[in-house]
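Here is the structure we will look at, set down as C-alpha cells.
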2 protein chains.
Amino acid sequence: MTYEQLKKVALTQFALHGYEGASLTQIASEVGIKKQSIYTHFKSKDELFISTFNDAVDNELLFVKKFISKNKAKPLREILYNFLNEYLDSYNKENSNTSFFLRTSFFPPIQLKDLIKNGTDKYVSELEEIFKLLFEQKCGILKPNVNERTATLAFLTILDGLFVELLYGNSERLDIRLSEAWYVYWQGISNERGG
Amino acid sequence: MTYEQLKKVALTQFALHGYEGASLTQIASEVGIKKQSIYTHFKSKDELFISTFNDAVDNELLFVKKFISKNKAKPLREILYNFLNEYLDSYNKENSNTSFFLRTSFFPPIQLKDLIKNGTDKYVSELEEIFKLLFEQKCGILKPNVNERTATLAFLTILDGLFVELLYGNSERLDIRLSEAWYVYWQGISNERGG
DNA sequence: ATCATCCTTCCGAACGGTCGTAAGGATATA
DNA sequence: TATATCCTTACGACCGTTCGGAAGGATGAT
C-alpha cells in the first residue's frame with residue numbers, strides 16, 4: 001500500500017536529512033510516484049511528518065516491550081546488559097527508526113514542537129515504567145540503599161549516554177564506553193560480592 | 001565587527017533551525033545587513049557553517065578547561081558533581097553553543113560530515129584526556145578495581161546521558177536523573193564507606 | 001591641500017533552482 | 001456511477017549565489 005510505503009520512505013529520508021532537509025520530491029520518487037500524489041494520502045508535509053513520528057514512537061516502545069517479554073526469564077544482569085547491546089546494535093541495521101526518533105525529539109521543527117514533545121514524554125515515561133517494573137520483579141539483587149527507581153533512572157541515563165556516542169559515530173569508542181559504564185553501573189547498584 | 005557578529009548570529013540560527021532550516025536572509029537580517037553582504041566575509045554557506053562549528057568546538061572545550069582549572073583545589077567528588085550541574089546549567093543561559101555543537105555533531109549536513117567528525121573527535125578525546133588526568137591527580141579515592149580510565153568513561157557517559165535529557169526538554173526529569181545517576185556512579189567508583 | 005587610486009564593505013538586481021501546495025483531468029477499481 | 005489513486009500543469013515563495021557598482025576610508029603622489 002502506498003500509504004504505508006510513504007511513511008516508510010519518509011522515515012528514512014527524515015532520519016537522514018531532517019524535516020527541512022528532506023524533500024517531498026525525493027520521498028515520492030523513492031516510492032515511485034510524483035510528489036503531488038502524496039497529497040492524496042497526507043494533507044501536508046507536517047501531517048506526513050508527525051504521522052511518521054507517532055509510528056516511530058510506537059515502534060521504539062514495541063522494540064523494548066518485545067525484548068523484555070522475550071527475556072524476562074533470564075537473570076536481571078543479563079537482561080540489562082543484553083538490552084544495551086541489542087538496542088544499540090539495532091541502530092546500525094538499516095533501522096532508521098531510532099535515528100529518526102532521536103533526531104526529531106532532540107531538534108523538532110519549531111511549529112511541531114508541542115506535538116513532538118507529547119510523543120517524547122510518552123516514550124520516556126513508558127520506558128521508566130517498564131524498567132521500574134522489571135527491577136521490582138527481580139528483587140533481592142539491589143544494594144539495600146538503592147531502590148528500583150534509582151536503578152531505573154541511572155540505567156536509562158547510561159542508555160541515553162550511549163546513544164550519544166552512537167550518534168557521534170565512533171563505534172570503537174562506543175564499545176569501550178558501554179563496557180566501562182556498565183561495569184561502574186552494576187558495581188553501583190548490585191549487592192554482589194567482589195563484583 | 002561584522003565578521004564576528006555573523007558567526008554569533010549564525011550560531012544561534014543554526015542551533016535553532018539546523019543547517020538546512022537556517023537561511024542566510026534571516027542571519028543577515030539579524031546582523032543588520034543584506035544576505036549578499038555575507039559573501040564579503042564567507043565564500044559560501046558551508047564556509048560560514050563550519051567556521052561557526054570550529055569556534056563552537058573550541059568554546060566547548062574552553063568551558064571545560066576553565067572549570068577544571070578554577071576548581072582543581074576542591075575534592076574530586078565536588079568537582080565532578082559541580083561540573084555536571086554547571087555544564088547542564090550553562091545550556092539554558094542563552095547559550096546556543098552547546099546546542100549547536102550537539103546538533104551538528106549528531107546530525108551533520110552530509111556534505112560536511114567528515115569535517116564535522118574531526119571536530120567532534122577532537123572534543124571527545126580532549127574531554128577524556130582532561131578527566132583522566134584529573135582522576136590521576138586525585139588518587140586514593142577510587143575503588144581498587146576501578147581505574148582512572150574506567151571512571152572517566154563512565155562519568156562522560158553519564159554526562160552525555162544527561163545531555164539527552166536536556167534535549168528532551170523536561171527539566172524536572174533532568175534534575176532527578178542527575179541526582180540518581182550521580183548517586184549510582186559515585187557508589188560504583190568510590191572507596192568510601194557507607195556512601 | 002588636492003587629487004587619483006585602491007581596498008573594504010555593502011547593496012540592488014537578478015540568476016537558476018527547489019520548495020510545498022493547489023486544481024483539475026485521466027485511469028482503474030468496485 | 002461513484003470512489004480512490006495518480007497524473008500533468010502551474011503557482012508563488014524562497015533558496016544560495018553571482019555580478020556590477022556605490023559609498024567611504026586609507027594611501028601616496030603631486
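Using a cut-off of 4.0 Å between Lys/Arg side-chain N and Asp/Glu carboxylate O, B:K132 and B:E128 are scored as not salt-bridged.
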**Item:** Check against salt bridge (charged side-chain N to carboxylate O under 4.0 Å, His left out), B:K65 and B:D58
**Value:** CA-CA 10 Å; B:K65 289 170 184 167; B:D58 293 342; over 6 Å; no
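Evaluation of the salt bridge (charged side-chain N to carboxylate O under 4.0 Å, His left out) test over residues 102-118 of chain B, restricted to residues two or more places apart or in two chains, returns B:K117-B:D121. Residue pairs meeting the salt bridge (charged side-chain N to carboxylate O under 4.0 Å, His left out) criterion with at least one member in residues 6-28 of chain B, sequence neighbours excluded: B:K7-B:D55. Counting only residues at least two apart or on different chains, the ring pair (Phe, Tyr, Trp, His ring centres under 6.0 Å) pairs with a member in residues 56-78 of chain B are B:F63-B:Y87, B:F67-B:F83. Among pairs with a residue in residues 158-170 of chain B, those fulfilling salt bridge (charged side-chain N to carboxylate O under 4.0 Å, His left out) read A:R177-B:D160, B:E165-B:R173, B:E165-B:R177, at least two apart in sequence or across chains.
Here the closest heavy-atom approach between residue A:V57 and residue A:G119 is recorded as CG1-O, 3.7 Å. Across all non-hydrogen atoms, the minimal contact from B:I158 to B:A181 is CD1-O, 3.9 Å.
Annotation: ring-ring contact (aromatic ring centres under 6.0 Å, His included) contacts of A:F42 (sequence neighbours excluded): A:Y3. Listed by chain and number, the residues in a salt bridge (Lys or Arg N to Asp or Glu O under 4.0 Å) with A:E180 are B:R149 (sequence neighbours excluded). Remark: B:F49 pairs with B:F14, B:Y19, B:F100 by the ring-ring contact (aromatic ring centres under 6.0 Å, His included) rule, at least two apart or across chains.
Using a 4.0 Å heavy-atom distance criterion, B:A28 is classed as making no nucleic acid contact.
We find that CG of A:L24 is positioned 4 Å from P of C:dG20, with the value rounded to whole Å.
Protein chain B touches strand DNA chain D; the 5'-most and 3'-most nucleotides with an atom under 4.0 angstrom of its non-hydrogen atoms are D:dC15 to D:dT18.
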Show me the protein contacts with nucleotides 10-17 of chain C, counting only N or O atoms at under 3.5 Å.
unit_1: C:dC10; atom_1: OP1; unit_2: B:T2; atom_2: OG1; d: 2.8
unit_1: C:dC10; atom_1: OP2; unit_2: B:H41; atom_2: NE2; d: 2.6
unit_1: C:dC11; atom_1: OP2; unit_2: B:K34; atom_2: N; d: 2.6
unit_1: C:dC11; atom_1: OP2; unit_2: B:S37; atom_2: OG; d: 3.0
unit_1: C:dG12; atom_1: N7; unit_2: B:Q36; atom_2: NE2; d: 3.0
unit_1: C:dA13; atom_1: N6; unit_2: B:Q36; atom_2: NE2; d: 2.9

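A:S23 has no side-chain polar atom (N or O) that falls below the 4.0 Å cut-off from OP1 or OP2 of C:dT18.
Surrounding CD of B:E172 are at most 12 heavy atoms belonging to other residues, nucleotides or ligands under 6.0 Å away.
For residues 45-54 of chain B, proximity to DNA chain D is found at B:K45, defined as any non-hydrogen atom under 4.0 angstrom from a strand atom. Of all the residues in residues 4-20 of chain A, not one reaches under 4.0 Å from DNA chain D with any non-hydrogen atom.
Other members of the hydrophobic cluster containing A:I110, listed by chain and number, are B:L16; membership follows side-chain contacts under 4.5 Å among ILVMFWY residues, whether direct or relayed.
Remark on DNA chain C: of its neighbouring residues A:K43 and A:Q26, the 5'-side contact belongs to A:Q26, judged by nearest-heavy-atom nucleotide.
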